Amino acid sequence: MTLPVELRHDETFVLNLGPQHPATHGVLRVKLTMDGEYIVHAEPVLGYIHRMHEKIAEAGSFPQFMPNTARMDYLHALAFNHGYALVVEKAAGIEVPERAEYIRVITVELNRIASHLLWWAAFLLDLGGFTPLLYAFDDREKVLDLLERITGSRLTYCYMRFGGVYNDIDDEFIAGTRDFIRRLRSRMPRLYHDLVTHNIILIKRITDIGFISAEQCRRYGATGPVARGSGIDFDVRKNEPYSVYPEFDFDVPVYHECDSMARYMVRVDEMEQSMRIIEQALDKLPDGPVQAKVPKNLKPEAGYYYSAVETARGSLGHRLVCDGGKNPYKLKLRSPTFSNLSLFGEVAEGMLLADALAFMGSLDLVIPEIDR
Amino acid sequence: MQPLVWPPMANPTLFSLEGAVGIIFLLTIALVVTGGLIAVVSQRLVRAVSGLAICFTGLAGVYYFLLSPFVAMMQLLIYVGAVSILIAFGIMMATPEQEIGPGNAWISRLVGPLGASVGGLFFAALTILGLKTPWQVFPRTAEASGDIEQVGKTLLTSHSMVFELISIVLLMAIIGALVIARRGRN
Amino acid sequence: METSIWRPIIYLVGIMAFAGVNAAYLGWCERKGAGRIQRRPGPKEVGPAGLLQPLADGIKLMTKQLLVPQGVDGIIFRVAPVIAMIPAITSMVVIPFSGNIQARAMELSVLLLFALASLAMIAILLGGWASGNKYAIISSARAVSQNLAYEIPMLLTVIAIVMISGSMNLRDIAIDQQGGFWHWNIFRFENGHFLYMWVGFIIFFICSIAETNRAPFDMAEAESELVAGFMTEYSSMGFGLFMMGEYLNIVVGACLTATLFLGGWDCPFGQTPGVWWFLLKIYILIFTVIWVRWTFPRTQVYRLLNLSWKILIPFSLVNVLVTAAFIKVF
Amino acid sequence: MTILEQTQAALAPLFPAQEEPPAAAEPEGEEPVEAATSPAERRPGVATTEYSRQGYHLEVLCEPGQLVAVAEILDRQRFFIESIAGVDWPKQEQLEVVYDFTTYEAEPCRVAVRTVVPRTAPLVPTISGVFSGADWHERETFDFYGIIFDGHPDLSRILLPEDADFHPLLKDYMP
């Protein structure tokens with residue numbers, strides 16, 4: 001008799017979760033050694049959508065790489081735009097006009113809301129709730145429409161320029177953004193919290209699942225909502241303020257439960273904080289140019305540069321090494337989920353398959369950003 | 001319960017209810033035989049279990065024709081629904097048996113003839129019994145129709161032994177499944 | 001005329017037609033219902049309001065290639081979807097749609113339904129096993145443990161009903177509840193005492209959702225965990241039969257609930273009993289099932305089993321005892 | 001005492017020969033390109049850098065042998081690893097590894113640790129024993145540069161196919 005499942009001596013078997021699997025939201029493969037439905041060992045296998053962006057960066061000039069930045073984290077592409085613009089501006093010593101900084105913050109935060117909405121939808125889908133997906137997409141659609149008006153694209157933006165932004169915002173955008181914020185605020189309590197957050201099935205499903213201690217976060221270098229769900233008060237926007245973030249009054253939601261529910265709450269609360277930032281930015285929006293004078297042929301001084309920004313998933317770092325030429329000599333991208341995912345194996349050990357997927361969903365993985 | 005065709009007609013045609021009933025009876029017999037054959041002949045354990053389930057289903061049909069719908073339902077519920085599934089479950093969880101070593105080869109050679117002779121003996125005995133029995137029409141009773149009060153009374157009086165035996169079968173199935181499932185865990 | 005073969009044939013055709021139409025159009029209802037709940041129109045292109053969508057789906061499923069992957073147990077793989085359909089259709093035989101629409105009023109029809117339900121389990125088990133896919137095997141193991149766990153409280157609540165009605169015949173049980181909603185088992189008011197059968201109704205309804213593997217108990221086909229569960233390797237009509245079997249099981253579950261607890265074809269006000277009331281009741285129940293599916297996220301396997309073993313089974317046992325006491329005392 | 005000063009003090013004993021770290025370690029742009037950025041002639045030590053200009057506070061230049069000690073000191077100072085970047089310097093026949101550390105504390109402090117190894121024998125001790133997160137970053141650097149991290153538990157390809165036989169970020173790699 002032949003058994004479809006090859007059992008080892010210890011009665012475990014290997015289950016390949018992915019690279020094509022509904023729960024991995026992309027092409028991630030997790031090699032699971034299972035004992036029944038319990039995970040004995042979990043090993044993520046990366047690289048299925050690796051495109052060697054770092055080599056591409058070295059091959060072209062500084063502005064040529066800008067469109068590529070959006071192709072990594074396609075959910076929070078503007079933050080990648082922003083991070084890259086920041087590091088090059090640092091290296092080349094470019095001053096950004098204040099209005100451009102405000103517009104950057106507004107668009108990045110709008111994009112963050114869109115990213116969190118999509119995460120929320122996908123997470124609920126992982127847990128088997130299909131309807132919330134449509135509600136979240138409804139709201140996300142509004143953000144994409146707004147951003148499309150001023151950036152020209154819906155997902156993979158190339159909006160930032162060294163020393164400013166590509167396009168100024170107009171009154172219609174401002175009115176639309178205010179409308180969107182009003183709409184999301186009114187929908188939040190009923191469609192999001194009553195239906196989902198306070199749902200007993202959801203609460204039972206993700207509370208105490210995927211416990212990540214603060215120490216574990218530090219050892220693996222986890223950042224973003226994953227770290228904030230473990231009681232670590234770390235947000236690059238607060239800790240190392242960049243752009244015009246110091247001018248805004250916003251909180252960093254921190255939860256100490258260390259479980260999937262805590263990470264869920266962090267992200268849901270962050271949407272409200274992003275809305276607060278956008279409102280303040282719209283109120284204070286100064287007049288002026290949105291683009292500084294920047295030499296066409298950018299040749300930053302030789303040296304080592306680093307810039308960090310907070311994306312929806314955590315701290316994004318750009319490590320730039322210049323040799324004085326017009327190409328980046330070396331551009332290393334520190335993507336947040338790469339570090340966040342690296343703790344999956346340790347935490348998932350001994351979990352049930354269903355819980356491990358609820359845990360994986362709460363990490364908010366964007367695979368192209370991990371594989372770069 | 002609506003009466004089955006009763007008393008039997010002398011020469012039923014194929015396109016009458018009697019004919020249909022007869023065909024269904026033959027089908028149930030065929031189920032029993034093919035199921036049994038699959039269970040015995042099949043090389044794969046899962047197929048053997050499926051054969052067993054088919055055989056049990058056929059047997060339930062036979063019970064129904066014997067005017068014991070309650071037993072027929074029980075046959076389906078317990079043997080097909082519970083015992084077969086537990087066996088299949090056990091097989092799924094068990095590690096595949098290693099090839100039988102050369103030391104046991106003579107046993108495996110002996111099993112076939114032994115089984116055939118025992119089976120043949122039973123078959124012969126039943127045939128003789130069937131031929132010798134003075135068959136007579138069994139009167140329909142309320143008990144046979146599956147009336148709940150009668151079923152309850154018979155289960156707890158005249159057939160209480162059977163009732164207990166069934167629970168032993170179930171207990172065995174549960175314990176067996178547990179033993180198989182628990183092996184390898186500490 | 002008793003010996004005519006036409007009556008069984010007419011019923012056979014009628015049942016098949018009812019089953020087929022229900023299986024096809026429940027898919028449409030579900031998609032429309034999901035659409036309404038999710039603020040979108042649902043299918044609307046094929047025919048008026050998408051009414052021909054099931055037909056198009058059927059044609060598509062039937063014309064697709066039935067893939068039998070390498071390494072599967074060919075025979076069992078092909079037979080399992082058929083086994084999934086058989087009990088669902090056969091169950092229809094004993095369901096009393098109204099006082100005079102019933103294929104066969106068997107004495108033990110309740111028992112028959114449960115016996116057939118356990119056959120459906122075998123289909124899932126064999127289908128998952130024969131696929132030779134790890135997800136499918138985990139799924140069928142889940143499905144079987146889930147079905148076994150939920151069959152027990154279901155049977156126990158039915159025992160309470162059988163004790164009240166004194167019969168295992170669905171028809172008798174339905175007749176026993178005629179004459180207005182205060183006679184229905186769910187609100188049963190007898191000799192000045194409530195029987196609290198709504199507890200049984202809730203248990204029974206939860207179990208019937210779990211038995212049919214519907215959300216939030218759709219562990220067996222939890223798509224974010226097990227891809228498509230035991231249906232992962234199935235394509236074309238193999239998949240179609242499993243889907244139809246699932247929908248038919250919902251119909252059977254709704255019919256059973258309506259007959260056992262909601263008075264069958266009885267009018268709530270005791271005036272005009274008829275098949276329309278029965279259909280109305282089962283479609284309300286089916287709508288509830290769809291509604292629940294598109295509202296709640298999925299539970300987790302072990303929590304699901306705990307719900308059955310630790311909550312539903314004790315409650316249903318107490319329910320049986322309390323009902324017996326009521327019947328004996330009053 | 002700020003975290004920056006604490007860290008500086010903790011790291012100082014590792015580099016005894018050097019009392020005075022060279023202020024503003026970064027050379028100016030007028031110098032020849034190779035000389036300016038080449039890590040070759042830099043002496044080991046700890047130096048503060050201009051945060052607003054370069055984006056990090058402290059730069060540690062160390063020998064490969066000192067890496068684990070540096071990592072342990074940073075671990076004690078509650079730092080976490082952000083990333084590991086390789087840099088190829090073919091003219092100097094050197095490979096450089098840049099480690100980025102930062103802290104969760106409210107006061108920002110970024111530390112870059114740089115070390116160089118000869119291109120012909122790129123051997124660096126692993127710090128994955130100190131920071132578990134370094135595991136994947138080291139694998140990635142191995143993947144792209146072929147730098148061997150001595151003592152790494154599983155130094156295999158991570159982003160490239162497991163049967164790849166090239167290291168694409170080396171400057172002389174031509175696809």
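Quick caveat: nothing in here was measured; it's all calculated off a predicted structure. A, B, ... follow the sequence lines: proteins, then strands. Residue 1 opens every chain.
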Part of [X] within contact of chain A (heavy atom distance under 4.5 Å):
X        : value
D:Asp75  : both
D:Ala85  : both
D:Glu105 : backbone
D:Ile127 : neither
D:Arg78  : both

In terms of heavy-atom contacts, does [atom1] of [X] have more than 12 from other residues, nucleotides or ligands at under 6.0 Å?
X        : atom1 : result
A:Lys31  : NZ    : no
A:Glu349 : CD    : yes
A:Lys299 : NZ    : no

Taking [options] one by one, which has the highest count of heavy-atom pairs under 4.5 Å against chain D?
options                                : result
A:Ser307, A:Ala214, A:Ala91            : A:Ala91
A:Gln216, A:Lys238, A:Arg372           : A:Arg372
A:Pro300, A:Ala222, A:Ala227, A:Pro241 : A:Ala222

Closest approach of D:Phe79 to A:Arg218 (non-hydrogen atoms, all atoms of both residues) =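 It is O-NH1, 2.6 Å.
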
side-chain contact (heavy atoms from CB on, under 4.5 Å) between A:Arg319 and D:Tyr99: does it pass, once the steps are laid out?
-> CA-CA 10 Å; A:Arg319 161 61 70 183; D:Tyr99 297 75; over 6 Å; no

Hey, could you give me the [atom1]/[atom2] distance between [X] and [Y], rounded to the nearest 0.5 Å?
X        : Y        : atom1 : atom2 : result
D:Leu159 : A:Asp371 : CG    : CG    : 5.5 Å
A:Met52  : D:Phe144 : CE    : CZ    : 3.5 Å
D:Ile81  : A:Tyr220 : CD1   : OH    : 13.0 Å
D:Asp143 : A:Leu46  : CG    : CG    : 10.0 Å
A:Arg219 : D:Ser128 : CZ    : OG    : 11.5 Å
A:Asn239 : D:Arg110 : CG    : CZ    : 9.0 Å

If you tally heavy-atom pairs under 4.5 Å against chain A, which of D:Ala112, D:Gly86, D:Ala134 wins?
->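 The answer is D:Gly86.
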
Among D:Glu162, D:Lys171, D:Arg157, who wins on heavy-atom pairs under 4.5 Å with chain A?
->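 Most heavy-atom pairs under 4.5 Å with chain A: D:Lys171.
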
For the residue pair [X] and [Y], confirm or rule out a side-chain donor-acceptor distance under 3.5 Å.
X        : Y        : result
A:Arg334 : D:Ser83  : no
A:Glu240 : D:Tyr56  : no
A:Ser315 : D:Glu82  : yes
A:Ser339 : D:His137 : yes

Side chain, backbone, both or neither: which part of [X] has an atom under 4.5 Å from a heavy atom of chain D?
X        : value
A:Tyr329 : both
A:Phe338 : both
A:Ile370 : backbone

A:Val321/D:Trp89 under side-chain contact (heavy atoms from CB on, under 4.5 Å): CA gap, chis, key distance, verdict = CA-CA 11 Å; A:Val321 181; D:Trp89 301 101; 4.0 Å; yes

Check whether any side-chain heavy atom of A:Leu343 sits under 4.5 Å from a side-chain heavy atom of D:Trp136, and report yes or no.
->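 A side-chain contact under 4.5 Å is absent here.
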
Would you mind reporting whether A:Tyr306 and D:Val98 have side-chain heavy atoms less than 4.5 Å apart?
->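 Heavy-atom side-chain distance check fails, nothing below 4.5 Å.
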
With no hydrogens and no angle check, is any side-chain donor or acceptor of D:Tyr104 less than 3.5 Å from a backbone partner on A:Cys217?
->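 Judged by distance alone, yes, a pair lies under 3.5 Å.
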
Could you check D:Thr103 against A:Phe234 for side-chain contact (heavy atoms from CB on, under 4.5 Å), going step by step and ending with a plain yes or no?
-> CA-CA 9 Å; D:Thr103 166; A:Phe234 177 75; over 6 Å; no

Between D:Glu96 and A:Lys330, does a side-chain contact (heavy atoms from CB on, under 4.5 Å) hold up when you go through it step by step?
-> CA-CA 11 Å; D:Glu96 183 174 15; A:Lys330 157 78 193 173; over 6 Å; no

